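All heavy atoms count here, side chains included; hydrogens, waters and symmetry mates do not. When a ligand or atom number is given, it counts from 1 through the structure's own listing order. Worth saying up front: this structure is predicted, and the values here are computed from it rather than measured.
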Amino acid sequence: MKTDFLVIGSGIAGLSYAIKVAKEFPKKKIIIICKTESKETNTKYAQGGIAVVSDILKDSPEKHISDTLKAGGKSCNKKVVEFVVREGPERLKELISYGVLFDKTKLNSFDLAKEGGHSTNRILHKGDYTGLEIERKLLTEVRRAKNIQILQNTIAIDLITNEHLLEKQLPHLNSCYGVYILKSKTGSIEKIISKITVLATGGVGQIFEHTTNSETATGDGIAMAYRAKAEIKNMEFIQFHPTALYQPKISTDFLISEAVRGFGGVLRNRKGEAFMLKYDVRKELATRDVVSRAIVSELKRQNEPHVFLDCRHISKKDFQKHFPTIQTKCFNLGIDPNKKMIPVVPSAHYCCGGIVTDEYGKTTLENLYACGECACTGLHGSNRLASNSLLEALVFSHRCYLASVKTITKIKFQSRFKELNLSYKKNINSSLNEKWANMSKKIMSENFGILTKFINIDKGIELLQEIKTISHRSFQDFISPKTLELRNMLTVSLLILKSAKKRRNNVGVFYNSDLQIMNRIRCAET
Ligand code: FAD
Ligand code: SIN
């Protein structure tokens, strides 16, 4: 297959980009590939909403910029923060022009919610299913475009780069020419040759035992970019969402949106004490790093598996109106939020690092762009401000589009590439693969998280390296969707641990208790 634009991923980032280039170049071809069904993405699960300045009386870009910088622990790129916030309203208008609906007040202004780290109500939302609303409307818009083809159940294996060229042709810089794919329904391994390739593959949450993320979130884009020698950064900054529903036997956790705390939900320990004030004056609406660490500290102190989110004081009508999905989920489990407290626990949620891009989403490989959760643009620093992710995806997919428009006419197709020496085997060692994937998740969860230590980081690296070696030997010549995922999960997990090993300061979501002790000793000495 040959295409002008290849988009890997069908979440908010990939779809928004595809819609724009399709409109700009009606004669050019765009292919979007996605691992499973097109709507199965992290985007679909977004609850709280999208942070955009819309109320110019109570809010301002300066306030949003300041909140983002504060949350990011002084590690954000200020220039990026400024343009993302300032371009937000324009991108929001486009989203609305595709038919995306946001809740309004009786006075027809946006019903703005509040979330942790925001100094004012700023989050536009559709009930508690904002992501589903966005995903559906973007997919409808994509289907309207005659020049976009979506290939579902199509897994990107590896990017095609200079090392895959059959003869050393023109290129001097390492470039991307498309991707090797596995069609999971037929088992065929093919190439898609493209002029421009966009990685929009989302997050990494599934490398942990418990995550809020979609099953597609195994870090494939980051792992592929790493293998292709693109720069990767900030992988140690894994954000844990403080309040996932506590269901120990289920690995993909259901989220209890931060907007519930923004609406008055109170965190309580087993004794019924509201504990957040002990940790931060912003209480439940402190940033996620603070709230998650506070919960872990309570859990340790009380030796309990979860804390509670108390919403009993929120009227039934209000809860139903603002959080219909959460209410249904709780009801199905026999929890009436109006009568019982909701058991909650932190869960792996968001990867603040990823594939390094410039201000236009360009990676360090020619003709390869990245946007959305897989990218590290400089917006989030060491801790993403709530609801800034959908915003980032919109702003950066637009900027990738602007850069693509400038370069596409100058790019020529390269044609002769090596074939991959791999064959498909449907159930190749599937139980073994599953065992290793589970072991890998367990190792990550036991050795890296909201709190970590050098000894754990080293142990994690050693154990994961072992699994990597054994699994590589077993699966050398054969692949299946699951073996590909395992390879990527191990790569990304090791990237995280190796980045964590190098970090010498606790900042944002990263907290190594050894560094804290070393700091104390240093302070005492001076
Ligand atoms: P995704 O939407 O995850 O899409 C990734 C795509 O890549 C999928 O189509 C997948 O199939 C494809 N893909 C992956 N690997 C491959 C491969 N190897 N081959 C082919 N295709 C591949 N953020 C906010 O701003 N506000 C919120 O309210 C909010 N709530 C959230 C709630 C939950 C439960 C979760 C999990 C996240 C939430 N986030 C929120 C974060 C936000 O939803 C995500 O960061 C964002 O949607 C990511 O969009 P994306 O387009 O980058 O990736
Ligand atoms: C939530 O609704 O709490 C998730 C918001 C986010 O991840 O930005």
Side-chain angles (χ1 to χ4, degrees), residues 6-17 32-52 113 115-118 123-126 128-132 134-135 138-139 150-159 179-182 184 198-206 211-224 239 241-244 252-262 288 323 325-326 347-352 354 370-375 380 384-394 396-397 481 484-485 488:
L6 168 66
V7 181
I8 309 179
S10 59
I12 185 169
L15 297 180
S16 306
Y17 173 86
I32 302 175
I33 66 168
C34 43
K35 259 205 238 191
T36 54
E37 272 183 40
S38 52
K39 68 170 185 301
E40 187 48 42
T41 58
N42 266 0
T43 301
K44 174 179 133 182
Y45 297 101
Q47 291 188 352
I50 176 162
V52 178
E115 289 180 7
H118 288 271
I123 322 293
L124 288 96
H125 61 98
K126 178 77 188 147
D128 59 359
Y129 53 93
T130 316
L132 185 61
I134 293 174
E135 184 68 26
L138 288 179
L139 278 172
I150 298 197
L151 302 176
Q152 304 191 96
N153 304 303
T154 302
I155 305 167
I157 303 172
D158 261 317
L159 297 169
V179 72
Y180 293 102
I181 53 160
L182 167 66
S184 58
V198 178
L199 284 167
T201 46
V204 309
Q206 289 290 339
T211 176
T212 60
N213 285 198
S214 149
E215 289 195 349
T216 59
T218 46
D220 298 5
I222 298 173
M224 285 190 290
Q239 181 176 74
H241 195 292
T243 55
T252 300
D253 292 334
F254 179 82
L255 186 73
I256 306 293
S257 174
E258 198 151 308
V260 177
R261 277 175 279 134
R288 283 183 189 165
F323 310 112
T325 320
I326 296 172
S347 180
H349 185 62
Y350 187 85
C351 180
C352 301
C371 52
E373 191 167 339
C374 68
H380 308 307
R384 173 176 68 97
L385 181 68
S387 287
N388 262 358
S389 169
L390 297 175
L391 170 67
E392 182 196 43
L394 285 181
F396 269 89
S397 56
L484 292 174
E485 278 189 352
N488 293 331

| message | Would S10 count as being in polar contact with ligand 1, using the rule that some N or O on each side must be under 3.5 angstrom apart? | response | yes
| message | With heavy-atom distances below 4.0 Å as the criterion, list the atoms of ligand 2 near A386. | response | 8 (O)
| query | Between Y350 and ligand 1, does any nitrogen or oxygen pair lie at a separation below 3.5 Å? | reply | no
| request: Give yes if a backbone or side-chain nitrogen or oxygen of T212 is under 3.5 Å from a nitrogen or oxygen of ligand 1, and no if not. | output: no
| task | Under 4.0 Å from a heavy atom of E258: give me the atoms of ligand 2 that qualify, with their elements. | result | 1 (C), 2 (O), 3 (O)
| request: Could you tell me if any non-hydrogen atom of I50 lies under 4.0 Å from any atom of ligand 1? | output: no
| message | So if I count the atoms of ligand 2 from 1 in the order they appear, which ones are less than 4.0 Å from some heavy atom of L255? | response | 1 (C), 2 (O), 3 (O), 4 (C)
| Is the shortest N/O to N/O distance between A46 and ligand 1 below 3.5 Å? | no
| Going by heavy atoms, is S214 under 4.0 Å from ligand 1? | no
| Is G48 close to ligand 1, meaning an N/O of one under 3.5 Å from an N/O of the other? | yes
| request: May I ask you to check if ligand 1 and A13 share an N or O to N or O distance below 3.5 Å? | output: yes
| task | State whether the shortest distance between N or O atoms of G49 and N or O atoms of ligand 1 falls below 3.5 angstrom. | result | yes
| said: Distance under 4.0 Å to a non-hydrogen atom of Q47: what atoms of ligand 2 satisfy this? | reply: 2 (O)
| Where the closest heavy atom to atom 6 (C) of ligand 2 is concerned, which of H241, R288, E115 has it? | R288
| message | Could you check whether any heavy atom of S389 sits closer than 4.0 Å to an atom of ligand 2, since that is the contact criterion I want to use? | response | no
| message | Quick check: S38 and ligand 1, any N/O pair under 3.5 Å apart? | response | no
| query | Under 3.5 Å, N or O to N or O, is I155 touching ligand 1 that way? | reply | no
| task | Decide whether the shortest distance between a heavy atom of H241 and an atom of ligand 1 is less than 4.0 Å. | result | no
| said: Is there a side chain to side chain contact (heavy atoms under 4.5 Å, CB included) between T36 and T216? Walk through the geometry before answering. | reply: CA-CA 8 Å; T36 54; T216 59; 3.8 Å; yes
| query | For ligand 1, is G131 a contact, meaning one of its heavy atoms is under 4.0 Å away? | reply | no
| field | SB check E258 R288 (cutoff 4.0 Å) | value | yes
| request: For T130 and ligand 1, answer yes if some heavy atom of the residue is under 4.0 Å from a ligand atom, otherwise no. | output: no
| said: For ligand 2, which is the ligand I care about here, please tell me if I256 has any N or O atom under 3.5 Å from one of the ligand's N or O atoms. | reply: no
| request: Check ligand 2 against H349 and write out every atom of the ligand that is under 4.0 Å from a heavy-atom position of the residue. | output: 6 (C), 7 (O)
| Quick one: does S389 get an N or O within less than 3.5 Å of an N or O on ligand 1? | yes
| task | Return yes when E215 approaches ligand 1 closer than 4.0 angstrom through a heavy atom, no otherwise. | result | no
| said: As an exercise, identify every atom of ligand 2 less than 4.0 angstrom from a heavy atom of G48. | reply: 1 (C), 2 (O)
